[in-house]
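Remarks on the structure that follows.
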Amino acid sequence: MSFNAVYIPIGVPTFHLESAQAEFEKSIKLLKSIDENTAVPDEMLLSIDKLNAFLEGKNPDLLIVQNITFANAAYISEVLRRFDAPVLLWTLREPVIDGGRLRLNSLTGAYSAANALKAFGRAFEYIFGSPEEERVKAKISAVINAARIKKELKSLNILQVGHTPQGFGFGRALDAEMMTTFGANLLSIEARELIDNAKAFTDDEIKEYLEDAKERINGLCNIDEKNVLDFARLYKAYSDYVKANNIGALSSRCWPDFFVSFGTPVCSVLGILNDLGVSSACEADTYGALSMFIAQKLTNKSVFFGDPVSMDENENTLSFWHCGMAPCSLAREDTGACAGLHCNRKIGPTLEFGCKAEEKVTIFRIGKKADGAFRMFISTGEALDKPRQFLGTSIVVKTKNNAFDILNSSVTDGWEPHFVVAMGDIEEELKELGNMLNIETEIY
């Protein structure tokens, strides 16, 4: 599905049109540099009739409404009457302050538009500044990226494989909440169905999956052969289901079923699926999988999923860990992604490695408050060049803010114990997305 941003420069012809035309042309140049598919008018929309003519036939996913000059509330009201899409309200600076004529009066127009937006009960994003300013470009880019993800969520099929283990109910999702809040379609399947599918595959049928895994994971030859073959069977079973049902993200039950009923963990399968672009969380944490999907789409990189397990005040770091299902692409280059045995069950293959350094990372989680309302956890920092911290996979993040305060506050605020570490700074995009989804964002 293509993404459609629409630029709507509104105003009246009684101001300094030469100045307005210059800002109009610069604005189009900026918007096209961010998203060349942004729909723009051939001229400034200086009357309601011209506005309506331009809007006819449009199906916007984002409305970029700019007061090219002052415009009264009738302009924005006409836009809101037609469309229920996210809005970015953009105010221009006065190009000249010389004691003479007011050239644009864009700011007064913004107050008028914002007042109408509030009256309509519509959340909106806002930016003040000229098209040449880097801050303006960064803001518009973040809003476009957030709006694009909001649209992608509407076409997302997210799969729950099995139920959360006892005491892990924080990750359990309801189809109605998933649809009404995020627009995503929640599907469910029992873990035993995929296990049964896996058991039925012959050695020939799993050959290509086994060869692919050997290219990604070092040391599979050191794991019990039956376990390696059964892992490849699981890999095919999950891949087949994902392809057949157009799954973009999934959460999977892991323990105890895959140890007890199948004899082989699913950890490495989930790690590979993440590198294949299917955001996959363990312990059936569906909101964790949703968080992974959003972060992966915003960064175009695989993300880490795990528990906060350690904090070092001297380094100002938080360490995140899980049993062995991180994407192979995140592994340190000196070790690569290595095969190992599960730290508790002593059955393999799991993935074993520390994650490589990353200059900018974002810690992220979609969670719930005690009253059931959704919220977003956001924190930023850098991933350090650290070896594996514990058996399994780990990443060490030096946080931008005080690590002790982040740990203390996030525990006392009641956050869930699973977090995503995204490879990039996506704080602004996540804040914009939270506003578009009417979800509270909490910055740590």
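For the single chain, residues carry numbers from 1 onward in sequence order.
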In this structure, is the centre-to-centre distance between the rings of [Y] and [X] below 6.0 Å?
X    : Y    : result
F377 : F364 : no
F182 : F374 : yes
F170 : H418 : yes
W321 : F305 : no
F320 : F304 : no

Check your understanding: Hey, what's the ring geometry for F231 with Y235, parallel, tilted or perpendicular (30° and 60° as the breaks)?
Key -> parallel
Practice item. Report the relative orientation of the aromatic rings in F258 and Y238; use parallel for angles under 30°, tilted for 30 to 60°, perpendicular for over 60°. Key: tilted
Check your understanding: If you round to the nearest 0.5 Å, how far is OG1 of T441 from CD of E432?
Key -> 9.5 Å
Revision key, fill the gap. d(I64 CD1, L89 CG) to nearest 0.5 Å is 11.5 Å
Under 3.5 Å, is there a donor-acceptor pair between the side chain of [X] and the main chain of [Y]?
X    : Y    : result
D312 : L318 : no
T362 : I426 : yes
S291 : R365 : no
R375 : E440 : no

Classify the side-chain pair [X]/[Y] by whether it contains a donor and acceptor separated by less than 3.5 Å.
X    : Y    : value
E25  : S27  : no
S251 : T286 : yes
R93  : S130 : no

Practice item. Evaluate the criterion salt bridge (Lys or Arg N to Asp or Glu O under 4.0 Å) for residue pair R148 and D35; output intermediate values, then yes/no. Key: CA-CA 11 Å; R148 184 179 283 112; D35 181 357; 3.3 Å; yes
Check your understanding: side chain to side chain contact (heavy atoms under 4.5 Å, CB included) with L351: which of T393, I272, N218, L330?
Key -> T393
